[in-house]
Structure formats: structure tokens, C-alpha cells
Amino acid sequence: MFDRAIIANFARMRSGTGGDTMSEKAKLKEFEEQLDAALAALPSLRWSSTSALHIASELYEFGAFAAASEGADWIDRGYAILSSHFVAGKEGHEADTSCDTDLQQMIADIAFAQHYYMLREYLYYSYNVPGAMHWSFEGDRVEVRFGDKSIPRQFFTVHNDLLLGSQYQFRDFNHTDEIMRLLKDEPEGVETPNMLAADPLLQEEVDLKLAAYFSLINLDSEIDLGGYNYSDFILVYSLLLKKALYHRYLARAQNAVGAIYISEQDLLDGIEKGLGLSPAIARLILKDITYDRDAPRDRLDAAYFSLLREGGPEAQIVMRPHHFATAEGLVNILRVIGQRRPKTFLNHLSNEIGSAFVKRVKSAWEAQGFICHSEVPLRDFDPALPDIDLMVISVEPTLGYVIYLCELKCPVPPRWAKDQLKVLNKDSVSKAFRQVETVKQFIKTEDGMRFLKRMLPKEGHPQFDGFVVTLSHLVITSDNAGMFFGAESTKVVNFRTLERLLRRSDGDMHMIQHVLGTYAEQADNVLQTTMVEVDVGGRTVAYEGVTTSPLLEFPQGHWRSDPELPAMVDAFVADGLHPFDALATPPPDMVVIDQSEKGGSSTE
């Protein structure tokens with residue numbers, strides 16, 4: 001076991017009198033070594049793997065119920081860091097789940113591991129994105145603060161979307177009290193009349209969760225994931241999700257909180273009996289959704305999993321019901337396939353997800369009355385030009401048209417820093433900005449103007465022959481809200497934020513433009529950070545993190561549903577006003593089109 005004082009002395013000896021001359025990267029590498037050494041010194045890593053797994057799983061479930069979902073996030077991060085030991089099957093001290101000393105030690109080790117998780121994230125950002133984090137090394141104190149505002153904004157946005165999206169998704173679900181009543185005095189796992197009555201209510205919750213999770217693939221899809229179909233996976237996952245919800249409700253109703261330990265054979269038998277799937281197929285699915293001794297070898301992050309397999313002879317599968325019931329399991333299987341079988345992901349999933357993403361975003365705009373064209377080719381003008389993924393046209397009764405030319409990028413949403421940094425790859429989100437610039441230059445040409453006129457509604461503007469068209473460009477992603485792209489002029493929005501904005505806009509393009517233009521400032525004003533301290537090898541490390549912040553919801557618009565809108569337009573025309581009046585203060589990328597004579601056009 002490492003002695004923390006020795007580690008601290010070793011660090012001071014290494015830095016010596018020349019410590020101030022060390023490069024930033026050298027200081028980071030030295031700190032990373034200290035951090036790894038402090039993690040390796042945790043006492044629970046000397047325990048039996050299975051024993052540590054059981055205690056940590058029980059603590060997670062207890063913490064989730066004692067402090068609600070947000071309160072368990074830190075436990076989950078620490079749990080993920082220690083999971084490779086939990087499943088390793090190593091011999092060691094058999095800790096006692098009833099022993100307060102053992103519990104306190106595991107709490108302390110998980111707490112350190114969650115600090116390790118966050119500091120590891122910050123190290124990855126720092127190594128790959130200059131200026132992402134600000135590090136200060138002064139004697140025995142290290143301070144880490146956000147250097148790039150887009151990083152805390154991303155953390156805030158994802159969490160904000162999750163909470164507001166969940167509220168919207170479950171706005172009509174009112175069966176919680178009824179399920180609790182039905183299960184209050186029921187024996188666990190016995191098919192009583194009350195349990196059977198609760199089953200369809202649990203299934204309704206399962207269906208709502210599946211609809212909310214990121215996947216985009218049809219639930220009945222026969223896409224091959226590597227020996228089993230996506231629809232097979234959905235069947236198994238749904239069964240396990242209902243099981244997790246059942247145990248979660250039972251724990252609340254009977255104050256019986258805890259993890260669930262399942263024999264794989266019993267689980268395979270239940271899947272065959274309940275779903276009709278062969279044990280061979282079920283075993284493949286369980287392999288991909290369970291973190292076991294092979295997962296670290298495949299470089300899979302434990303954060304992708306809600307099920308862990310004991311490494312000992314019994315090799316039971318451990319379920320944390322609360323975790324399984326709240327984690328987005330559909331996106332996790334995509335992450336696992338992408339890492340474990342990249343060719344399968346590329347050949348069977350990548351294009352399917354991309355096409356479905358375009359359709360989903362397009363439908364969100366269309367639901368608010370906008371005209372949309374997807375995958376618009378520009379090859380007729382120049383074979384080197386990219387397609388426009390989505391063109392959104394808003395008919396503005398007193399102006400003309402507002403058009404958004406959108407680039408859509410749909411990498412699988414990330415779970416941790418290495419995933420997040422992939423957006424910087426040349427074929428990922430970073431590519432969208434180059435494509436936007438290419439399209440911008442094209443639109444300024446005569447061919448670009450002809451293309452623009454061709455895409456406008458053929459029936460013409462409802463009020464005017466001459467009108468104004470304003471152009472905006474937008475990058476829409478599966479998750480990224482501008483993280484690492486703060487210097488770009490083109491706005492970036494993730495589809496969950498966009499869907500909520502569109503839903504609340506009531507088709508008001510002015511509101512949409514305002515929110516997209518000011519979102520970064522609004523989020524920065526709302527999100528709150530705090531400094532967290534931890535001892536690492538005798539050094540005090542203080543790092544900045546995003547803490548609980550007020551929710552940022554968009555105002556509810558009333559535009560298309562406003563009964564006075566037609567009268568306002570009529571009054572505008574009757575007063576002799578005209579879209580060209582807007583030319584006194586033209587916005588960027590304004591185009592003037594006059595079809596009253598020769599259909600000429602010009603750009604401002």
C-alpha cells in the first residue's frame with residue numbers, strides 16, 4: 001500500500017528548486033502520476049472484488065433513495081472508476097456489508113474516486129484543448145478552474161435538458177401513487193393480483209422512458225448488432241427496465257432498498273420463458289449490457305453500464321435498480337457496439353442513425369409550421385459543394401422569408417471526456433463549420449441566388465411581390481451545445497434544446513432567433529459553479545465544478561395561435577408599409593428579391 005506522505009515527499013523532491021521552470025505539460029503529467037498513485041492506494045482495492053462490488057452497489061442504491069437522483073451522481077462517478085476492480089474476481093479481505101467501518105471506508109474510497117473521475121476529465125481536456133482549463137501549482141496546493149466557458153455551459157445544458165425533458169415526457173403520467181399502493185404489502189417476486197394490476201402501469205412507464213431515450217432507431221428494427229437484432233435487444237432491455245422499476249417502487253413502498261443479485265441462468269430462463277428468445281441470443285445481449293472482466297480489455301468505460309458481473313465463481317449479475325431505471329440504456333448499447341464492433345456500427349448503424357436524426361429534427365421544425373427541405377443537393381452547381389442537411393423556411397408576413405441553413409451532426413452522445421473530445425475529429429462536429437463557410441460563399445454567387453429563389457415557395461409570398469430574405473446558419477448536434485467551439489460565429493445547438501425551443505415558440509421565428517443568439521449568455525448567467533477540495537498525496541487540490549443551478553426554460557410563445565395575427569398583417573399592408581422598409585437597418589446575409597417585374601434579386 002502506498003503511503004500518502006511518501007507520495008507527497010516524492011512529489012516535492014521531483015519538483016525541487018527547479019519546479020517553477022517546469023512546463024505546464026510536465027506539471028500536469030507529474031500531477032496525473034500522483035493522482036493515479038493516490039487511487040491505487042485506496043484500501044478497498046485490497047478487498048475481495050466481489051465483496052467490494054456488493055458494498056458499493058448497496059451504497060449507491062441507498063444514496064440514490066436518501067438524496068434523490070442528483071445526490072447519487074457523485075456515487076455513480078466513483079463507482080464507475082472502481083468498477084474494474086469490482087469485476088476482476090481478485091481475492092482479498094472479505095468486507096462486511098453490516099460493518100460500519102467497512103461502509104465508511106467504501107464511502108471514503110468512492111468519494112475519492114469521484115474526485116479522480118472529475119480531475120481525470122479535466123486532464124483530458126487540458127491535454128487536448130489548449131486553454132480549456134486553468135491550472136495553478138503553488139507549493140502543496142493545486143487549483144483547477146474552467147478556462148473555456150463552453151465546458152461548464154455544456155454540463156449545465158445537458159443537465160437542464162434532462163430535467164426539463166423528463167418533466168415534459170412524464171407530464172401526464174400519474175400512476176406513481178397507485179403503483180406504490182399496490183406494492184406496499186406484497187411479497188417480492190410473487191404474482192399476486194396486486195402485482196398483476198401494477199404490471200400495465202409499470203409497462204406504461206417503460207414505454208415513456210424508451211420514447212425519451214436517445215436512439216432514433218425504430219424499436220422493432222431488425223438491424224444486426226452482432227449476432228442479435230436491435231428489436232431483440234429492446235425486448236430484453238424492456239424486460240429488465242420493468243424489473244428495475246418494480247424493485248425501485250418496491251424499495252420505496254416497503255423501505256427495502258438494495259441491489260439485486262441474479263444468477264445468469266435464472267435470467268436466461270426468464271428471458272426465454274417471457275420473451276421466447278433463445279438462450280444463445282439472450283447471452284449475447286447480456287454480454288453487451290453487462291460490465292465484466294472482459295470490458296476493461298475492450299476499453300469500455302464502466303459508466304456505460306447499469307449491470308455488473310461478479311468476477312468470482314458464482315458470477316452473479318448485479319443490478320442497481322435505481323441506476324437501471326434512470327440511465328439511458330439505449331444510447332449505451334450504441335456506445336458499446338461502436339467500441340466493441342466498430343465495423344458493425346459503421347455498416348449497420350451509422351447511416352441509420354444519421355438519417356433518422358435528420359427526420360426527427362425536420363419534423364420538429366415542421367410541427368411549428370415551418371417549410372423544410374432535407375438533404376438538399378448542391379452538386380448541380382459544383383460537385384465539390386456539400387449537401388445542405390436541412391433548409392428551414394419561415395414565411396414572414398411583413399418581411400418575406402427567414403431561412404435557416406442547417407448542418408446536422410449526429411455522433412453518439414458522449415458519456416465522458418474522451419467521448420466528448422471526439423467532436424474535434426475532422427469528420428465530426430468540427431467539420432460542420434467548414435461546410436457552413438463553403439455554403440456561405442456559394443450563396444453569395446449568382447448560382448447561389450438562383451438556388452435560393454428556386455427553393456422558395458412556388459406560389460410566391462402571400463402579401464408581396466418584392467420582399468426580403470434573411471439567411472442564418474445553424475449547426476444542430478445530438479449532444480454538443482458548442483463545447484470547444486466558443487470561438488465560432490455559427491451557433492450550435494443540441495437537438496433536445498432545439499426541440500424544446502421549437503415546441504415553446506409557437507412558430508415565432510423572431511423568438512427562435514433571439515434565444516439562439518443569446519443562449520450562451522443566458523446559460524452563463526444561470527449556471528453556478530463551486531470549488532471542491534480533495535487531498536491528493538498530501539497536496540490540497542481545489543477544482544471548479546458546476547453545481548445545482550436554476551432551470552433555464554424558454555418563455556411560452558404565442559404567435560401562430562394569436563387570433564389577432566391576421567388583423568395585424570392587414571393593418572401593416574393597409575398603412576402602406578412594405579418589407580423593403582427593413583432595408584434601413586439590414587441584418588447580415590439579407591437578400592432582396594423583387595418578382596414584380598423581372599424577378600430580379602440582389603444581396604445586401
Side-chain angles (χ1 to χ4, degrees), residues 87 89 188-191 195-196 199-200 202-203 205-207 209-211 213 215-247 259-295 297-298 300 304-321 323-325 327-350 352-353 412:
V87 302
E188 183 175 357
V190 179
E191 288 193 356
M195 181 181 176
L196 293 175
D199 186 77
L202 292 171
Q203 185 60 51
E205 187 167 354
V206 167
D207 294 340
K209 284 180 173 290
L210 294 179
Y213 291 167
S215 169
L216 304 179
I217 304 171
N218 290 332
L219 299 183
D220 59 355
S221 171
E222 296 301 308
I223 290 177
D224 177 38
L225 301 185
Y228 61 90
N229 295 331
Y230 189 77
S231 59
D232 296 332
F233 158 72
I234 290 296
L235 287 174
V236 172
Y237 185 81
S238 299
L239 180 93
L240 292 172
L241 180 54
K242 185 189 288 188
K243 182 179 181 66
L245 286 170
Y246 164 76
H247 282 285
I260 308 300
Y261 305 90
I262 316 165
S263 154
E264 181 181 49
Q265 190 56 55
D266 289 345
L267 195 50
L268 292 172
D269 291 344
I271 290 172
E272 184 175 24
K273 179 181 177 181
L275 304 176
L277 288 180
S278 71
I281 289 178
R283 188 173 283 107
L284 290 175
I285 296 171
L286 287 178
K287 179 69 175 177
D288 279 341
I289 64 175
T290 305
Y291 190 79
D292 59 15
R293 284 188 290 185
D294 293 335
R297 180 202 63 194
D298 294 336
L300 288 166
Y304 299 165
F305 299 86
S306 293
L307 303 178
L308 277 76
R309 187 190 301 274
E310 297 172 349
E314 293 186 17
Q316 294 183 109
I317 292 175
V318 181
M319 171 190 277
R320 292 171 289 159
H323 192 274
F324 202 105
E328 285 209 23
L330 303 195
V331 70
N332 283 331
I333 194 69
L334 301 180
R335 293 165 176 152
V336 171
I337 301 301
Q339 182 69 27
R340 194 167 254 168
R341 296 186 288 281
K343 288 186 178 179
T344 297
F345 184 90
L346 183 64
N347 294 334
H348 298 166
L349 290 168
S350 184
E352 182 80 12
I353 294 171
V412 172

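For clarity, every value in this text was computed on a predicted model and none was experimentally measured.
- Counting all heavy atoms, side chain and backbone alike, L210 lies closest to S238 at CD1-OG, 3.3 Å.
- In Q203, the CD atom is crowded: over 12 heavy atoms of neighbouring residues, nucleotides or ligands sit closer than 6.0 Å.
- Of the listed residues (L241, I260, L245), just one forms a side-chain contact (heavy atoms from CB on, under 4.5 Å) with F324, and that residue is L241.
- Within the 3.5 Å criterion, the main-chain N or O of G189 finds a donor-acceptor partner in the side chain of Y246.
- Between K243 and the choices L202, I262, V206, the side-chain contact (heavy atoms from CB on, under 4.5 Å) rule is met once, by I262.
- Between E222 and S231 there is a side-chain heavy-atom pair separated by less than 4.5 Å.
- With rounding to the nearest 0.5 angstrom, the CE atom of M319 is 8.0 Å from the OG atom of S306.
- A distance-only check finds no donor-acceptor pair linking the side chain of Y304 to the backbone of V331 [under 3.5 Å].
- R341 places a side-chain N or O within donor-acceptor distance of the main-chain N or O of L225, the cut-off being under 3.5 Å.
- At least one side-chain heavy atom of Y230 sits less than 4.5 Å from a side-chain heavy atom of L330.
- For D298 and K287, the salt-bridge test fails: no basic side-chain N is under 4.0 Å from an acidic carboxylate O.
- Between I353 and F345 the shortest side-chain heavy-atom distance falls below 4.5 Å.
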What verdict does the side chain to side chain donor-acceptor pair (under 3.5 Å) test give for N332 and E328, after you've listed the backbone C-alpha separation in whole Å, the side-chain angles of each residue and the deciding distance to 0.1 Å? CA-CA 7 Å; N332 283 331; E328 285 209 23; over 6 Å; no
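- Rounding to the nearest 0.5 Å gives a distance of 13.0 Å between CG of N347 and CD of E352.
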Run the side chain to side chain contact (heavy atoms under 4.5 Å, CB included) check on T290 and E264 step by step: do they pass? CA-CA 11 Å; T290 305; E264 181 181 49; over 6 Å; no
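- Note that CG of D294 is 10.0 Å distant from CG of L300, once rounded to the nearest 0.5 Å.
- In terms of heavy-atom proximity, D199 sits nearest to K242 at OD1-NZ, 3.2 Å.
- For the pair S221 and N229, the tightest heavy-atom approach, listed with the atom from each and the gap, is O-CB, 4.3 Å.
- Looking only at side-chain heavy atoms (C-beta outward), L240 and L307 come within less than 4.5 Å of each other.
- Here the CZ atom belonging to R283 is positioned 10.5 Å from the CG atom belonging to L267, to the nearest 0.5 angstrom.
- For Y237 (side chain) and G329 (main-chain N/O), a donor-acceptor pair under 3.5 Å exists by modelled atom type.
- Taking 4.5 Å as the limit, some side-chain heavy atom of I289 sits within range of a side-chain heavy atom of I333.
- The side-chain heavy atoms of T344 and L349, taken from C-beta on, include no pair separated by under 4.5 Å.
- Two residues are said to be in side-chain contact when any heavy atoms from C-beta on lie closer than 4.5 Å; R309 and R293 fail this criterion.
- Using modelled atom types, one side-chain atom of E310 and one backbone atom of Q316 make a donor-acceptor pair closer than 3.5 Å.
- In terms of modelled atom types and a separation under 3.5 Å, the side chain of K209 and the main chain of A325 share a donor-acceptor contact.
- Between the side chain of H348 and the backbone N or O of D224, at least one donor-acceptor pair lies under 3.5 Å.
- At least one donor-acceptor pair closer than 3.5 Å links the side chain of D292 to the backbone N or O of A295.
- L284 is not listed as a side-chain neighbour of D288, based on a closest heavy-atom distance of 4.5 Å or more.
- Considering L239, I281, D232 in turn, L239 is the only one that fulfils the side-chain contact (heavy atoms from CB on, under 4.5 Å) rule with L275.
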Show, in sequence, the C-alpha distance, side-chain angles and deciding distance for L235 and I285, and conclude whether the side chain to side chain contact (heavy atoms under 4.5 Å, CB included) test is met. CA-CA 10 Å; L235 287 174; I285 296 171; over 6 Å; no
